Amino acid sequence: MKSTFWPLFLLGICLVLVSKAQAQDGQALFNGKTLAGWHIIPGGKWEVKDKTIVGKNTKADNRHGLLVSDKQYGDFTVSLQYKAVKGNSGFYFRVQETGDEVGVKGFQAEIDPDRDAGGLYETSGRAWVVQPKPENVKTWYKPNAWNTMTIKAVGGNITVAVNGKTSAQLTNDTGLRKGHFALQLHGGQDVEVMFRNITLVGQ
């Protein structure tokens, strides 16, 4: 009878390697085709074009247009690419829906074509928690281009990075520990912003 040890051993190694590869690739939160897995809080307009989420708003609409994840998340590392064309935007995390014009409460990693990129703002809370200096923003933010933002949240420890450089960091913060992700279109402004490759890293 032939030994089955080596075939099973090699199969086990293959499964481990596949598992590690999948963890490195991460879990896509946007499939590049539709807005499946997300829901809209009215204000502005969201659509998918060329594997990209495109959001637009006008200054005539005072509501914060939001595209909100159906699921909620606690501890995570998320990576995304964005291009801010005009107006203010942000990537919300650990937020709860409120039903008012702002739509949610909780943390926002700042997205803007001119200033504060990568800062941390607590909507319906403390307002600016980490507001970066303009001279520092220039060292990590690329205007009129695609930028990569990474947010890591474990308990009360939060780190935001833009293009590989840390833009905001908190330790033992008291903010919400679980909630939705959301993409924002600021109310009362002409806004155009694009998102792609939204991924939970290592999940």
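Keep in mind the model is a prediction, meaning the values are calculated, not measured. Position 1 is the first residue of the sequence; numbering continues from there.
Residues passing the side-chain hydrogen bond (donor to acceptor under 3.5 Å, both in side chains) test with Asn172, sequence neighbours excluded: none. With sequence neighbours left out, Asp190 forms a side-chain hydrogen bond (donor to acceptor under 3.5 Å, both in side chains) with no residue at all. Scored by the salt bridge (charged side-chain N to carboxylate O under 4.0 Å, His left out) test, Asp116 finds no partners at all (sequence neighbours excluded). Residues forming a side-chain hydrogen bond (donor to acceptor under 3.5 Å, both in side chains) with Glu122 (at least two apart in sequence, or on another chain): Arg126. The salt bridge (charged side-chain N to carboxylate O under 4.0 Å, His left out) test applied to Glu135 returns no partner, not counting sequence neighbours. Contacts of Lys49 classified as salt bridge (charged side-chain N to carboxylate O under 4.0 Å, His left out), with partners at least two apart in sequence or in another chain: Glu47.
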Just do the side chain to side chain contact (heavy atoms under 4.5 Å, CB included) check on Ile158 and Leu120 with the steps written out, would you? CA-CA 10 Å; Ile158 298 170; Leu120 275 174; 4.1 Å; yes
Walk me through whether Val201 and Gln27 qualify under side chain to side chain contact (heavy atoms under 4.5 Å, CB included). CA-CA 7 Å; Val201 179; Gln27 176 187 339; over 6 Å; no
Kindly determine whether Val193 and Ile111 satisfy side chain to side chain contact (heavy atoms under 4.5 Å, CB included), including the steps that lead there. CA-CA 9 Å; Val193 63; Ile111 291 174; 4.2 Å; yes
Step-by-step side chain to side chain contact (heavy atoms under 4.5 Å, CB included) determination, Trp46 to Leu183: CA-CA 10 Å; Trp46 298 98; Leu183 314 181; 3.6 Å; yes
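If you take CG on Leu200 and OG1 on Thr77, they are separated by 8.5 Å, rounding to the nearest 0.5 Å. One distance of note links CH2 of Trp146 with CD of Gln81; it measures 7.0 Å at 0.5 Å rounding. Between the CD atom of Glu110 and the CD atom of Gln131 there is a distance of 8.5 Å, given to the nearest 0.5 Å. Here the straight-line distance linking atom CG of Asn88 with atom OH of Tyr121 works out to 9.5 Å at 0.5 Å rounding. Remark: Leu185 CG to Asn57 CG distance equals 5.5 Å, nearest 0.5 Å. For the atom pair CD (Glu192) and OG1 (Thr58), the distance works out to 12.5 Å, reported to the nearest 0.5 Å.
The two residues Val48 and Gly32 make their nearest non-hydrogen contact at CG1-O, 3.8 Å. Nearest approach of Ser79 to Thr148, heavy atoms of both residues: OG-CG2, 3.9 Å. Residues Ala117 and Pro132 share a closest heavy-atom pair of O-CG, 4.1 Å. Looking at every heavy atom in both residues, Gly87 comes nearest to Pro113 through O-CD, 3.1 Å. The two residues Ile151 and Phe91 have their closest heavy-atom pair at CD1-CD2, 3.5 Å. Residues Gly118 and Ser167 approach most closely at O-OG, 2.8 Å, considering heavy atoms.
Gln169 and Asn157 share no donor-acceptor pair across their side chains, judged by distance under 3.5 Å alone. Using modelled atom types and a 3.5 Å distance limit, the side chains of Gln96 and Gln72 yield a donor-acceptor pair. When only modelled atom types and interatomic distance are considered, Gln184 and Ser89 share no side-chain donor-acceptor pair under 3.5 Å. Between the side chains of Asn62 and Glu101, not a single donor N or O lies within less than 3.5 Å of an accepting N or O. Side-chain contact of Thr98 with Asp100: a donor-acceptor pair under 3.5 Å is present, judged by distance alone.
Each of Tyr92 and Leu170 belongs to its own hydrophobic cluster when Ile, Leu, Val, Met, Phe, Trp and Tyr are linked at side-chain heavy-atom distances under 4.5 angstrom. Met149 and Met194 are not part of a single hydrophobic cluster, where members link through side-chain heavy atoms under 4.5 Å apart. Neither Val104 nor Val191 shares a network with the other; the hydrophobic side chains, linked directly or stepwise wherever heavy atoms of I, L, V, M, F, W or Y lie under 4.5 Å apart, form separate groups for each. The cluster map of Ile, Leu, Val, Met, Phe, Trp and Tyr, joined by side-chain heavy atoms under 4.5 Å apart, puts Ile53 and Val95 in different clusters.
Counting only distance, with no hydrogens or angles, the side chain of Thr52 and the backbone of Asp50 share a donor-acceptor pair below 3.5 Å. With hydrogens and angles ignored, the 3.5 Å screen pairs a side-chain donor or acceptor of Trp38 with a backbone N or O of Leu29. Side-chain atoms of Asn136 do not come within 3.5 Å of backbone N or O of Thr139 as any donor-acceptor pair. Between the side chain of Asn147 and the backbone N or O of Lys142, at least one donor-acceptor pair lies under 3.5 Å. Proximity of a side-chain donor or acceptor of Lys51 to a complementary backbone N or O of Arg196 within less than 3.5 Å is not detected. In terms of modelled atom types and a separation under 3.5 Å, the side chain of Thr166 and the main chain of Ala168 share no donor-acceptor contact.
Using cut-offs of 30° and 60° for the angle between ring planes, the His64 and His186 rings count as tilted. The aromatic rings of Phe195 and Tyr82 sit tilted, their planes meeting at an angle between 30° and 60°.
Around atom CG of Asp70, more than 12 heavy atoms belonging to other residues, nucleotides or ligands sit under 6.0 Å away.
At least one side-chain heavy atom of Asp173 sits under 4.5 Å from a side-chain heavy atom of Phe107. In this structure the side chain of Ile40 never reaches within 4.5 angstrom of the side chain of Leu66, judged on heavy atoms. Here the side chains of Leu35 and Leu67 are in contact, with some heavy-atom distance below 4.5 Å.
Taking the centre of each ring, Phe181 and Phe93 stay at or above the 6.0 Å mark.
Taking the charged nitrogens against the carboxylate oxygens, Arg94 and Asp75 do have a contact shorter than 4.0 Å, which makes a salt bridge.
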